[in-house]
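Since the structure comes first, as structure tokens, the remarks are kept for the end.
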Amino acid sequence: MRHLRAGLVQLSVGDDPAANLPVTLDFIRQAASGGAQFVLTPEVTNLLTPDRARQARLLHREADDPTLAALSAEAERLGVWLLIGSLSLLSDAADEPRFANRSLLIAPNGGIVARYDKIHMFDVTVSATESYCESAAFRPGDRAVLASGPVVGGAPVGVGMTVCYDLRFPHLYRRLARAGAQILTVPAAFNDTTGAAHWEVLLRARAIETGCFVLAPAQCGTHPAPHSPDRPPRRSHGHSLAVAPWGEVLADGGTAPGVTLVDLDLARVEDARRRVPAWRHDPVIWGP
């Protein structure tokens with residue numbers, strides 16, 4: 001049998017990491033108690049705030065981050081694979097004032113198997129009243145990451161790690177699929193406006209183009225910011241999705257925090273790729 005049960009954790013984190021952590025731990029436990037062998041949390045699991053000074057005061061380097069330590073210990077206690085969708089962290093480089101937006105894959109022994117720093121920064125103007133410049137606060141990564149994940153049918157599953165805005169850059173996903181990814185992870189805090197328009201169609205496209213399962217745990221709702229009352233509230237789209245290699249949505253987490261369980265038949269990856277092997281049909285094209 002080549003089946004894997006995944007648990008997508010949907011959160012609405014606020015501007016206090018200490019308050020966010022117990023909620024996250026509780027949902028991870030719920031996912032594990034439901035039989036999930038692979039549990040995934042959203043982007044910025046530890047902290048979401050528009051206040052950069054507050055981030056600088058509260059964030060830690062990876063080696064000292066209390067959220068990472070607690071989630072790794074819980075993965076070991078529960079014996080599950082855990083994708084921490086991403087954590088906001090202080091940069092490892094002493095001369096880099098910007099933060100890292102880092103996704104981490106944790107093994108059932110609590111060890112870090114892989115790290116991925118988000119490559120594509122959300123620098124956009126959604127409307128006349130809504131704009132974002134992620135690169136002002138976060139240093140982009142420059143390396144695609146394929147990790148060896150849960151063992152299914154005697155072999156480790158290839159997990160291609162991405163984060164949120166990466167979703168709009170299909171070349172990254174084709175590269176991961178050609179390298180051996182069977183599951184693509186897209187943890188996100190997708191903007192409410194763009195999420196309503198683009199979230200599902202982009203996730204389904206990435207699955208169809210690559211013949212991979214796509215697992216996308218998301219942030220949702222209006223994020224509590226009691227320590228930043230002068231800032232406009234931030235809203236995220238929610239709708240954590242699991243998409244099959246043929247493109248159909250297997251599970252939708254809706255708009256409230258919670259856990260969505262989904263069973264993946266890894267044989268469907270080979271089946272989709274056999275039927276339409278477009279993921280490896282990349283000829284050299286000249287022009288324009």
Side-chain angles (χ1 to χ4, degrees), residues 2-8 10 38 40 42-43 83 85 103 105 116 118-120 122 124 144-150 152-153 155-191 193-219 236-254 260-285:
R2 301 193 58 204
H3 290 81
L4 176 70
R5 175 165 285 191
L8 306 181
Q10 186 157 283
F38 186 22
L40 304 90
E43 183 181 22
L83 180 89
S103 186
L105 182 62
Y116 166 73
K118 182 178 180 180
I119 292 173
H120 300 97
F122 191 54
V124 304
V145 174
L146 175 70
S148 293
V152 179
V157 175
V159 178
M161 299 170 67
T162 72
V163 175
C164 200
Y165 190 53
D166 287 332
L167 180 59
R168 295 181 182 272
F169 300 87
H171 57 278
L172 172 60
Y173 296 86
R174 292 184 79 82
R175 187 180 184 97
L176 290 167
R178 291 174 72 91
Q182 298 155 281
I183 294 174
L184 300 168
T185 57
V186 193
F190 226 73
N191 167 271
T193 303
T194 58
H198 302 149
W199 174 244
E200 180 178 322
V201 69
L202 287 172
L203 289 168
R204 294 181 68 193
R206 297 298 86 84
I208 293 166
E209 291 164 352
T210 62
C212 289
F213 283 100
V214 174
L215 300 180
Q219 296 281 353
S236 293
H237 179 61
H239 292 284
S240 298
L241 290 186
V243 184
W246 199 245
E248 67 272 31
V249 174
L250 300 177
D252 183 330
T260 300
L261 298 172
V262 60
D263 291 315
L264 312 180
D265 178 0
L266 274 298
R268 297 193 62 184
V269 174
E270 290 83 354
D271 180 64
R273 291 175 175 180
R274 175 184 55 78
R275 295 165 73 184
V276 182
W279 66 285
R280 56 184 175 86
H281 288 168
D282 284 331
V284 174
I285 298 173

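Just so you know, residue 1 is the first one in the sequence shown, and it goes up from there.
The backbone N or O of Thr210 lies less than 3.5 Å from a partner atom in the side chain of Arg273, making a donor-acceptor pair. With hydrogens and angles ignored, the 3.5 Å screen pairs a side-chain donor or acceptor of Gln10 with a backbone N or O of His239. Side-chain atoms of Trp199 do not come within 3.5 Å of backbone N or O of Phe190 as any donor-acceptor pair. Looking only at distances, no side-chain donor or acceptor of Ser236 sits under 3.5 Å from a matching main-chain atom of Asn191. With hydrogens and angles disregarded, a donor-acceptor distance shorter than 3.5 Å links the side chain of Arg206 to the backbone of Leu167. Checking side-chain atoms of Glu43 against main-chain N and O of Gln219 turns up no donor-acceptor pair under 3.5 Å. A donor-acceptor contact shorter than 3.5 Å is absent between the side chain of Thr260 and the backbone of Gly7.
Under the side-chain contact (heavy atoms from CB on, under 4.5 Å) test applied with Gln182, the options Val159, Val269, Val152, Leu176 reduce to a single match, Val269. The side-chain contact (heavy atoms from CB on, under 4.5 Å) with Val249 is formed by just one residue from the set Leu241, Leu203, Val214; it is Leu241.
Nearest heavy-atom pair, His281 versus Arg178, reported as atom, atom and distance to 0.1 Å: N-NH1, 4.3 Å. The nearest pair of heavy atoms linking Ser240 to Ala218 is OG-N, 2.8 Å. For the residue pair Tyr116 and Thr162, the shortest heavy atom distance occurs at CE2-CA, 3.6 Å. Leu146 approaches Gly158 most closely through the heavy-atom pair CD1-C, 4.0 Å. Residues Pro42 and Pro187 approach most closely at C-CB, 3.8 Å, considering heavy atoms. Shortest non-hydrogen contact noted between Ala207 and Ala244 is CB-O, 3.4 Å.
Scanning for side-chain contact (heavy atoms from CB on, under 4.5 Å) contacts around Val124 gives Phe122, Val126, Tyr132, Tyr165, with sequence neighbours left out.
Checked for salt-bridge contact, Arg268 and Asp271 miss the test: no charged N lies under 4.0 Å from a carboxylate O.
Between Leu266 and Leu264, some side-chain heavy-atom pair lies under the 4.5 Å cut-off. In this structure, Leu4 and Ile183 have side chains that are in contact, with non-hydrogen atoms separated by less than 4.5 Å. A 4.5 Å side-chain heavy-atom check between Phe213 and Val262 finds every atom pair outside the cut-off. Within the 4.5 Å cutoff, the side chain of Leu215 has heavy atoms near those of the Phe38 side chain.
Counting heavy-atom neighbours within 6.0 Å of Arg174 CZ, excluding the residue itself, gives a total above 12.
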For a side-chain contact (heavy atoms from CB on, under 4.5 Å) check, start with the C-alpha distance between Asp166 and Ile119, then their side-chain angles and the critical distance, and finish with the verdict. CA-CA 7 Å; Asp166 287 332; Ile119 292 173; 3.9 Å; yes
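Taking CG of Leu261 as the reference point, atom CG of Leu250 lies at 13.0 Å (rounded to 0.5 Å).
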